[in-house]
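Small disclaimer: the values here were computed from a predicted structure and weren't measured.
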Amino acid sequence: MRAARFGPALIILFFISTFCVSVLGESENEILRIRTAPHRNIRKTVIDGTGTEHEYNTSDDVGVDERNGRRVSVSTVAWLTLAMAAATGLGAVPFFFVELEPQWAGICNGMAAGVMLAASFDLVQEGQTYGGGSWVVLGVLSGGIFIWLCKKFLEHYGEVSMLDIKGADASKVVLVIGIMTLHSFGEGSGVGVSFAGSKGLSQGLLITLAIAVHNIPEGLAVSMVLASRGVSPQKAMLWSVITSLPQPIVAVPAFLCADTFHKVLPFCTGFAAGCMIWMVIAEVLPDAFKEAVPSQVASAATLAVAFMETLSTVLQTFSNGYSSEDASGFLVSLLFGLGPLLGGSILVTVALTFRFSHSLLTGIASGIALVLSAWRPLQLLLSFKMSFLTLTSLLLLGSALFHLSTSTLLRLAHPKKTSINDISSSASAISFSALTLQSFFACSAVSLHALAEGLVLGVAAPKAYGLGRHMVLPVSLHGLPRGAAVASCILGATDSGRWALAASALTGFAGPASAIGAILAGIDYSGLDYWMVFACGALIPSFGSVFRRAMRLGPRMSVYGLLMGIGFASVCLMFTRLVCLHTPYCNSAPEAVT
């Protein structure tokens, strides 16, 4: 079954989101047990979701976890680091959509080499921060000697087989997986020690989030090495996660015995760095040069190193300059991107299983877009937050500008008229007909809508009571119809489940990107409603054109699809609204998700 191909990716997404919700909930409960009041400042009012306002007045609002890291529970450390390790599996997601040709396999090996080199640089730097420069040097030399001896042992052992790979390639896979697993021990120790520090949960949460983001390209590096040798995406994802399992295994004892682990960290980080440096130079780069020209490999490796160092710098700056409330805002913002991907995955699975027609899929996308374009404007109008004239003007402005820009691009791409039935039916390649281009433009309108919602979420998430856990369910539900709209639109135009999932994943990145930008910029809520209505206006002409074309292909199925899309989006958004009104989910800024 084609739909079953994406099962592991869905499991990883569900695993991460479930753990994050449970961890945030447990973290909040831990703080509430050891503090005399929630994490608000003195004499702050908190709404519990039932309409009752509770005012807390205490002169000592400094949590015990801020003074003594050991008061953070062991289960909190375990759950957080387990979710952090699971993020490594996301690095294998691109290989569910693309198949590597020999040249690209060489380039991917170059990128893997760059990621591993950058990780080794970070490990050396981390070891030096613990005050053990000489131990780091000794660790680097020991790591190089150790991996050389392992290589000799494998050669002496004879024929090695792993993941249906035999011979020299199998030995290289064993070494890469072993090295990446080995270096996870050092990262797990660092996370455990951070939870036991003076700032406790606040510092530990920031470090965990930083390493979780850092784990994704490392999982990509492992997956690239495996995929270039013919390993399936499912197995590549599994082994990527396995390489990070030492992180939660080591984090708990490191948290309990922080002083002991603090002393051995410099040698451990240097040891892992030495192993990776030797492996990159001796094995990964030579393999890359066999498949691609040296300039391509060098460019890929350089870009990978630059990306990883930039990511490390940004995360380090974030860890040093932001509070735990900002960290929870970052976490909720990242989870905001899982909703569209989950919605797109559900749509693709159902559509491939029941073989939805092109007109039905396009109708579903148009129905969802219609609800998304009307939902927020109607709320603003009915709540008297925006006048009818202003709202109508913004909708018309968004519609006109988007229609003008897409029409110009369509004329440039297709100077002659294209047949209305020119729809690609190949799952491996896209025929860029007028309908295909219009579908991509419609998806860009959905991304614009996600950017506007992300700005609002970025303002609300850091202020959310309970470390943001109350907003996880609403923002996830809010993203489901957006991902389903994009996936159904692309699937209806290209008949490619891979491209549909890739489009929903890219749309999912738009919301977190703008939300994180809003947190970093420190903007407030003023004026965001105008941008939201403008983005809603852009949805109208984009999906209107797509729906008109679908009506010419199959009027009956298009109408059925339109009604299905309207029903699905309305149920998701109404359920989000009910959750926010009758539970403590959206007490800080309900306008962000309702």
Side-chain angles (χ1 to χ4, degrees), residues 97 339-352 354-374 399 402-403 406 409-410 413 418 420-427 430-451 479-511 535-536 538-554 557-569 572:
F97 311 124
L341 182 55
L342 183 59
S345 302
I346 294 172
L347 188 282
V348 170
T349 302
V350 173
L352 293 179
F354 295 99
R355 298 182 180 180
F356 286 177
S357 65
H358 298 296
S359 55
L360 180 65
L361 288 167
T362 306
I364 291 174
S366 302
I368 294 174
L370 179 62
V371 175
L372 291 177
S373 64
S399 300
F402 195 84
H403 177 70
T406 54
L409 291 174
L410 277 174
T418 307
I420 192 66
N421 295 316
D422 185 16
I423 301 177
S424 170
S425 59
S426 172
I430 293 182
S431 174
F432 285 98
S433 64
L435 176 57
T436 303
L437 287 176
Q438 281 190 338
S439 299
F440 279 108
F441 290 149
C443 293
S444 67
V446 177
S447 298
L448 181 64
H449 184 270
L451 285 171
L480 286 178
R482 188 181 300 114
V486 170
S488 58
C489 185
I490 296 300
L491 186 61
T494 65
D495 198 28
S496 171
R498 291 180 176 178
W499 282 102
L501 282 177
S504 61
L506 290 175
T507 303
F509 284 131
C536 290
L539 291 169
I540 299 173
S542 57
F543 281 91
S545 300
V546 172
F547 184 70
R548 285 196 299 270
R549 284 179 171 268
M551 285 290 289
R552 298 176 192 174
L553 290 174
M557 297 305 295
S558 297
V559 173
Y560 286 160
L562 181 71
L563 296 177
M564 290 172 61
I566 292 174
F568 174 74
C572 288

For this session: List the atom of Leu372, the atom of His449, and the distance in Å for their closest heavy-atom pair.
Result: O-NE2, 3.7 Å
For this session: Please report the shortest heavy-atom distance between Cys572 and Pro481, naming the atom on each side.
Result: CB-CD, 4.0 Å
Seminar exercise, completed: The reported gap from OG1 in Thr494 to CZ in Phe440 (rounded to nearest 0.5 angstrom) is 6.5 Å
Problem set entry | Minimum heavy-atom distance Ala493-Ser439, with the two atoms named | CB-OG, 3.2 Å
For this session: Of all the heavy-atom pairs spanning Leu341 and Ser504, show the shortest one and how long it is.
Result: CD1-OG, 3.9 Å
Problem set entry | Closest approach of Gly492 to Thr362 (non-hydrogen atoms, all atoms of both residues) | CA-OG1, 4.4 Å
Problem set entry | Over all atoms of both residues, closest heavy-atom pair of Val546 and Cys489 | CG1-SG, 4.5 Å
Problem set entry | Side chain to side chain, Leu361 and Leu347, heavy atoms closer than 4.5 Å | yes
Exercise. Only one of Val348, Ile490, Leu491 forms a side-chain contact (heavy atoms from CB on, under 4.5 Å) with Trp499, so which one is it?
Worked result: Ile490
Exercise. Any side-chain heavy-atom pair from Phe568 and Ile364 closer than 4.5 angstrom?
Worked result: no
For this session: Enter the distance from Leu410:CG to His403:NE2 here, rounded to the nearest 0.5 Å.
Result: 9.5 Å
Exercise. SG of Cys443 to CG of Leu448: how many Å apart, nearest 0.5 Å?
Worked result: 13.0 Å
Exercise. Between Ile540 and Phe402, is any pair of side-chain heavy atoms under 4.5 Å apart?
Worked result: no
Problem set entry | Heavy-atom side-chain contact between Met551 and Val559 under 4.5 Å | yes
Seminar exercise, completed: dist Leu501:CG -> Ser496:OG (nearest 0.5 Å) comes out at 9.0 Å
Seminar exercise, completed: Rounding to 0.5 Å, atoms CG (Leu539) and OG (Ser444) come to a distance of 9.5 Å
Exercise. Taking only residues two or more places apart in sequence or in another chain, which ones pass side chain to side chain donor-acceptor pair (under 3.5 Å) with Thr406?
Worked result: none
Problem set entry | Phe441 side chain reached by Ser542 side chain, heavy atoms, under 4.5 Å | no
For this session: Supply the atom-to-atom distance Leu409 CG to Gln438 CD, rounded to the nearest 0.5 angstrom.
Result: 11.5 Å
Exercise. Which residues satisfy the side chain to side chain donor-acceptor pair (under 3.5 Å) test with Ser545, sequence neighbours excluded?
Worked result: Arg548
Exercise. Who pairs with Ser447 by side chain to side chain donor-acceptor pair (under 3.5 Å), at least two apart in sequence or on another chain?
Worked result: none
For this session: Report yes or no: does Ser373 contribute a side-chain atom to a donor-acceptor pair with the main-chain N or O of Leu370 at less than 3.5 Å?
Result: yes
